[in-house]
Amino acid sequence: MSAVARSPESWMARALVLARRGLYTTDPNPRVGCVLVKDGRRVGEGWHQRAGEPHAEVHALRDAGEAARGATAYVTLEPCSHHGRTGPCAEALVAAGVAKVMVAMRDPNPLVAGNGIARLREAGIEVEVGLLEAQARALNPGFVARMAEGRPFVRLKMAMSLDGRTAMRSGESQWITGPRARCQVQRLRARSSAVITGVESVIFDNSRLTLRAEQLELPDAEAIAARQPLRVVVDSRLRLPEAAACLREPGRTLVATVEGHDAERRERLQAAGAEVLALPAGEGGRVDLAALLAHLAEREDVNEALLETGATLAGAMLDAGLVDEMQLFVAPTLLGGEARPLFALPGLETMAEQKPLEILDIRAVGRDWRITARPA
């Protein structure tokens, strides 16, 4: 089928390329790719395409047919060993007669957690683990965080002017960045299980928080947009208007508030289409953000959460150590000193209290710039 590979790394790199094809479609499952190699040639390949459908190994085995016997399988995630919506992939590899399995990373899912590797070795199959592990982990940060830490991977997206402002003093903010940046934001939504915002952002912008196929600029955009991420509005005092646009959009809107609110107000919001989640109060009587993330991971199977919000909630999440990555879109414009800041971080008074960041990437996106960073 293919030319002779130069190294095992190149085959695993191919499996990672395949896995990435499921970036927008496998949620809440991980993105996984598999390549079968025999006598230095690729004989089959596949990737997990959609949740509930066959896993990567099954697609690769079907592609290879009888040529799978005696082959080496390069898999980006440990083959599963349990019965879920599909059968265990470890058993499928054993039945197909593969001779060796190269695994990029162990599965952090407690239902697997080394059991798939153990099953393969019990069957006499040679297994090696750790080839391009960092790249494999980077492909599924949310799945890893949910399984290992009990919370989603939180990616904060914000758009700002060159002088670090996000909106005019009145709250007007559309549009700071250009269409190319907005396309990138839609893709961030598409790969996310949930979009989290604060109630003030909804009140000022009447945000829909939806995937829009026409802005994705991807193949199968309509099918991708059919899976709307869960919309989560953090609203400690239940101020969300019943006429909010996000309540009329396809998909679900979850309103996270604190316990003890007016039952009548909750009932009106629920009648308007919201699901109301009452959580214990955290600092200052506001929603306990860590408890919210734990709920999203456990009850909603949220892998990656996109935080799109204003300065108050963004600052609170950052201050609580709940932001894993930041995507900051910087527009070549100035909004002035009266405009709204990027973060509300009260209490920082000395240089020793500053919050340093690690810059991972800076690149042009149309007329704007995108900075990818994480808390240091």
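The first residue in the sequence is number 1, and the count goes up from there.
A donor-acceptor pair is defined here as one N or O able to donate and one able to accept, closer than 3.5 Å; no such pair exists between the side chain of Lys100 and the backbone of Ala73. A donor-acceptor pair under 3.5 Å links the side-chain atoms of Asp163 to the main chain of Gly336, judged by distance alone. Asp288 places a side-chain N or O within donor-acceptor distance of the main-chain N or O of Ala291, the cut-off being under 3.5 Å. Under the 3.5 Å distance criterion, the side-chain polar atoms of Glu78 are matched with a main-chain donor or acceptor of Ile117. Remark: the backbone N or O of Gln49 is paired with a side-chain donor or acceptor of Thr25 at under 3.5 angstrom. Using modelled atom types, no side-chain atom of Arg119 and backbone atom of Glu91 make a donor-acceptor pair closer than 3.5 Å. Judged by distance alone, with hydrogens and angles left aside, the side-chain atoms of Thr177 form no donor-acceptor pair with the main-chain N or O of Phe329 at under 3.5 Å. The closest donor-acceptor contact from the side chain of Glu353 to the backbone of Glu349 lies under 3.5 Å. The main-chain N or O of Val112 is found under 3.5 Å from a side-chain atom of Asn115 such that the two form a donor-acceptor pair. Listed for the Asp301 side chain is no donor-acceptor partner under 3.5 Å among the backbone atoms of Pro28.
Contact of the Val233 side chain with the Leu254 side chain is not registered, since no non-hydrogen atoms from C-beta on lie closer than 4.5 Å. Side-chain contact between Leu36 and Leu61 is present, with heavy atoms from C-beta onward closer than 4.5 Å. Contact check for Gln327 versus Leu156: no side-chain heavy atoms found under the 4.5 Å cut-off. Using a 4.5 Å cut-off on side-chain heavy atoms (C-beta onward), Val129 and Arg106 make contact. Looking at heavy atoms from C-beta onward, Pro375 lies in side-chain contact with Leu318 at the 4.5 angstrom threshold. Looking at Met102 and Trp11, their side chains never come closer than 4.5 Å, going by heavy atoms from C-beta outward. No side-chain heavy atom of Leu216 sits under 4.5 Å from any side-chain heavy atom of Glu214. Side chains of Arg237 and Thr257 form no contact here, defined as non-hydrogen atoms less than 4.5 Å apart.
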* Report the C-alpha distance between Arg151 and Asp324 in whole Å, list the side-chain angles of each, state the deciding distance to 0.1 Å, and finish with yes or no for salt bridge (Lys or Arg N to Asp or Glu O under 4.0 Å). => CA-CA 11 Å; Arg151 71 171 183 87; Asp324 299 293; 2.9 Å; yes
* To do: Would you check, one step at a time, whether the test salt bridge (Lys or Arg N to Asp or Glu O under 4.0 Å) holds for Glu304 with Arg31?
  => CA-CA 12 Å; Glu304 296 179 28; Arg31 300 124 184 169; 2.7 Å; yes
* To do: May I have the step-by-step check of side-chain hydrogen bond (donor to acceptor under 3.5 Å, both in side chains) for Gln215 and Glu217, ending in yes or no?
  => CA-CA 6 Å; Gln215 292 184 15; Glu217 299 182 11; over 6 Å; no
* Criterion side chain to side chain contact (heavy atoms under 4.5 Å, CB included) on Arg374 and Met326, from CA distance to verdict -> CA-CA 6 Å; Arg374 63 185 173 204; Met326 304 163 69; over 6 Å; no
* Determine, stepwise, if the pair Val195 / Val232 fulfils side chain to side chain contact (heavy atoms under 4.5 Å, CB included). => CA-CA 6 Å; Val195 178; Val232 181; over 6 Å; no
* To do: Start with the C-alpha distance between Phe204 and Arg340, add both sets of side-chain angles, then the distance that settles side chain to side chain contact (heavy atoms under 4.5 Å, CB included), and finish with yes or no.
  => CA-CA 13 Å; Phe204 278 114; Arg340 300 188 172 200; 3.0 Å; yes
* To do: Determine, step by step, whether Glu275 and Arg266 satisfy the salt bridge (Lys or Arg N to Asp or Glu O under 4.0 Å) criterion, reporting the C-alpha distance in whole Å, the side-chain angles of both residues, the deciding distance to 0.1 Å, and the verdict.
  => CA-CA 9 Å; Glu275 298 177 34; Arg266 289 182 58 176; over 6 Å; no
* Check against side chain to side chain contact (heavy atoms under 4.5 Å, CB included), Leu238 and Leu269 -> CA-CA 9 Å; Leu238 283 186; Leu269 275 176; 3.7 Å; yes
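For CG of Asn206, the number of neighbouring non-hydrogen atoms (other residues, nucleotides, ligands) closer than 6.0 Å is greater than 12. In Arg137, the CZ atom is not crowded: 12 or fewer heavy atoms of neighbouring residues, nucleotides or ligands sit closer than 6.0 Å. With a 6.0 Å radius and a threshold of 12 heavy atoms from other residues, nucleotides or ligands, Arg367 has its CZ atom above the threshold. Within a 6.0 Å sphere centred on CD of Glu66, other residues, nucleotides and ligands contribute 12 heavy atoms or fewer. Crowding of Arg212 atom CZ: a count of heavy atoms from other residues, nucleotides or ligands under 6.0 Å exceeding 12.
When all heavy atoms of Leu247 and Gly273 are compared, the pair lying nearest together is CD2-C, 4.3 Å. Looking at every heavy atom in both residues, Ala290 comes nearest to Leu322 through N-CD1, 3.8 Å. Listed here is the closest heavy atom pair of Leu293 and Pro152: O-CD, 3.2 Å. Across all their heavy atoms, Arg121 and Val127 have their closest contact at NH2-O, 3.2 Å. In this structure, Val255 and Ala274 approach most closely via the heavy-atom pair CG2-CB, 3.8 Å. Taking both residues in full, the closest heavy atoms of Leu306 and Val185 are given as CD2-O, 4.5 Å, listed atom of the first, atom of the second, then distance.
A salt bridge is defined here as a Lys NZ or Arg NE, NH1 or NH2 lying under 4.0 Å from an Asp or Glu carboxylate O, and Arg146 with Glu149 fails to meet this definition. Ion pair Glu338/Arg165 not flagged as a salt bridge, since none of the NZ, NE, NH1 or NH2 atoms sits closer than 4.0 Å to an Asp/Glu carboxylate oxygen. The pair Glu249-Arg231 fails the salt-bridge criterion, with no side-chain N (NZ, NE, NH1 or NH2) lying under 4.0 Å from an Asp/Glu carboxylate O. With respect to the salt-bridge test (charged N to carboxylate O, under 4.0 angstrom), the residues Asp361 and Arg363 qualify.
In this structure, SG in Cys89 is found 9.5 Å from CG in Leu77, a value given to the nearest 0.5 Å. To the nearest 0.5 Å, atoms CG (Asp107) and CE (Met147) are separated by 7.0 Å. Interatomic distance, CG of Leu230 versus CG of Leu209, reported as 10.5 Å (0.5 Å rounding). The distance from the CE atom of Met160 to the CZ atom of Phe343 is 8.0 Å, given to the nearest 0.5 Å. Separation of atoms CG (Leu335) and CD1 (Ile176) is listed at 5.5 Å; rounding is to 0.5 Å. Atom CH2 in Trp47 sits 8.5 Å away from atom CZ in Arg14 (nearest 0.5 Å).
When each of Arg182, Arg189, Arg208, Arg155 is paired with Glu308, the salt bridge (Lys or Arg N to Asp or Glu O under 4.0 Å) condition holds for Arg189 and for no other.
With 3.5 Å as the limit, one finds no donor-acceptor pair spanning the side chains of Arg286 and Ser236. When only modelled atom types and interatomic distance are considered, Ser193 and Asp27 share a side-chain donor-acceptor pair under 3.5 Å. Side-chain contact of Arg370 with Gln184: a donor-acceptor pair under 3.5 Å is present, judged by distance alone.
Hydrophobic clustering (side-chain heavy atoms under 4.5 Å, transitive across Ile, Leu, Val, Met, Phe, Trp, Tyr) groups Leu345 together with Ile371. There is no path of hydrophobic side-chain contacts, each under 4.5 Å, that joins Leu328 to Val365.
Using bins of under 30°, 30° to 60° and over 60° for the plane-to-plane angle, the ring pair His48/His55 lands in the perpendicular bin.
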